[in-house]
Amino acid sequence: MIRAVRALPLLLLPALSLLLAGCGTEKADAGAGTPSASTALATTSEIASRARSLGFDPDLVHVIDPPGFTLAEQSVGVSDVGLSIAYTDLKTGAVITLRVEPGTMTDANCTTQAAFSDHMTCVRDGNAWYRTGGGTIEYVMAQKGHLVHVDAEQGKVTRAVLRKSAQSLRRPYRSELPVVLPPARTAVPVERGDLPTNGDGAPNNEVGKGG
């Protein structure tokens with residue numbers, strides 16, 4: 001199995017709103033005023049500030065809303081090669097994975113680019129590709145040098161649910177940032193009990209009388 005984790009542009013592109021036959025990418029409340037704190041989208045500067053403090057490309061930071069699935073916080077992977085987040089169905093144990101990584105895809109290389117199986121099928125579905133192979137089903141969206149992958153185990157998740165999950169791609173809410181981009185851990189120095197409180201700090205290895 002060949003897998004990769006890699007990247008998306010800072011702002012959801014207009015084309016994304018046409019993804020998979022023109023569905024939107026954000027949830028909106030018609031006629032709503034100021035959004036609640038839990039559903040207020042993080043600003044570009046907020047995302048960039050937190051991402052760069054981790055040495056991470058802010059363009060990669062996106063989430064999805066798979067129906068009936070919950071973000072598994074311990075699954076979040078942030079590195080120089082991309083973003084990876086798993087969402088689980090607590091009732092069935094099914095898992096949907098989001099990956100955002102650098103790359104391009106065309107109809108010609110759809111079965112070989114970022115392949116996860118030696119034998120894959122690939123068909124166009126709106127502005128995305130639907131791929132199957134090796135027991136995995138996946139939607140892939142190309143966005144100006146970045147690829148968004150939404151995949152699941154075949155037989156555990158239906159194509160319709162996976163499609164809806166891909167359509168839900170969005171920037172994280174402000175309340176989700178600590179989960180998607182957790183603060184960098186600070187190393188805590190370990191104290192050694194054999195070091196003197198003054199001098200050069202070297203342990204005393206002298207042998208006493210008779211020893």
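Since the structure is predicted, the reported quantities are computational estimates derived from the model, not experimental observations.
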Colleague: With no hydrogens and no angle check, is any side-chain donor or acceptor of S49 less than 3.5 Å from a backbone partner on S45?
Modeller: no
Colleague: Please tell me whether V179 and I96 are part of a single hydrophobic cluster in this structure, the criterion being side-chain heavy atoms less than 4.5 Å apart.
Modeller: yes
Colleague: Given side chains that start at C-beta, do those of Q113 and L147 come closer than 4.5 Å, heavy atoms only?
Modeller: yes
Colleague: So which atom in S168 and which in P66 form the shortest heavy-atom distance, rounded to 0.1 Å?
Modeller: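 Between these two residues, the closest heavy atoms are OG-N, 4.4 Å.
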Colleague: Does any pair with a residue in residues 103-117 pass salt bridge (charged side-chain N to carboxylate O under 4.0 Å, His left out), and if so which ones, sequence neighbours excluded?
Modeller: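 Sorted pair list: D107-R124.
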Colleague: At their closest point, which heavy atom of F116 faces which heavy atom of G133, and how far apart are they?
Modeller: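 Here F116 and G133 meet closest at CE1-O, 3.1 Å.
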Colleague: When you group the ILVMFWY residues by side-chain heavy-atom contacts below 4.5 Å and let the links chain together, are V150 and V95 in the same group?
Modeller: no
Colleague: Nearest 0.5 Å, what's the CG-OH distance between L162 and Y130?
Modeller: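 That separation rounds to 7.0 Å.
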Colleague: Looking at D151 and R131, is any side-chain nitrogen of the basic one under 4.0 Å from a carboxylate oxygen of the acidic one?
Modeller: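 No, no charged N to carboxylate O under 4.0 Å.
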Colleague: Quick one: closest heavy-atom pair of V63 and Y87, and the distance?
Modeller: CB-OH, 3.5 Å
Colleague: Mind checking what makes side chain to side chain contact (heavy atoms under 4.5 Å, CB included) contact with P178, not counting sequence neighbours?
Modeller: R50
Colleague: Which pairs count as disulfide bond (SG atoms under 2.5 Å apart) when at least one residue sits in residues 70-121, sequence neighbours excluded?
Modeller: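 Matches after skipping sequence neighbours: C110-C122.
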Colleague: Go through the structure and list residues passing side-chain hydrogen bond (donor to acceptor under 3.5 Å, both in side chains) with E46, not counting sequence neighbours.
Modeller: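 E46: side-chain hydrogen bond (donor to acceptor under 3.5 Å, both in side chains) contacts with T43, R174.
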Colleague: Rounded to the nearest 0.5 Å, how far apart are NE2 of H146 and CG of D59?
Modeller: 5.0 Å
Colleague: Can you sort out the partners of A94 under side chain to side chain contact (heavy atoms under 4.5 Å, CB included), two or more places apart, ordered by chain and number?
Modeller: F69, D89, T92, K156, V157
Colleague: Just jot down the side-chain hydrogen bond (donor to acceptor under 3.5 Å, both in side chains) partners of T111, sequence neighbours excluded, or say none.
Modeller: none
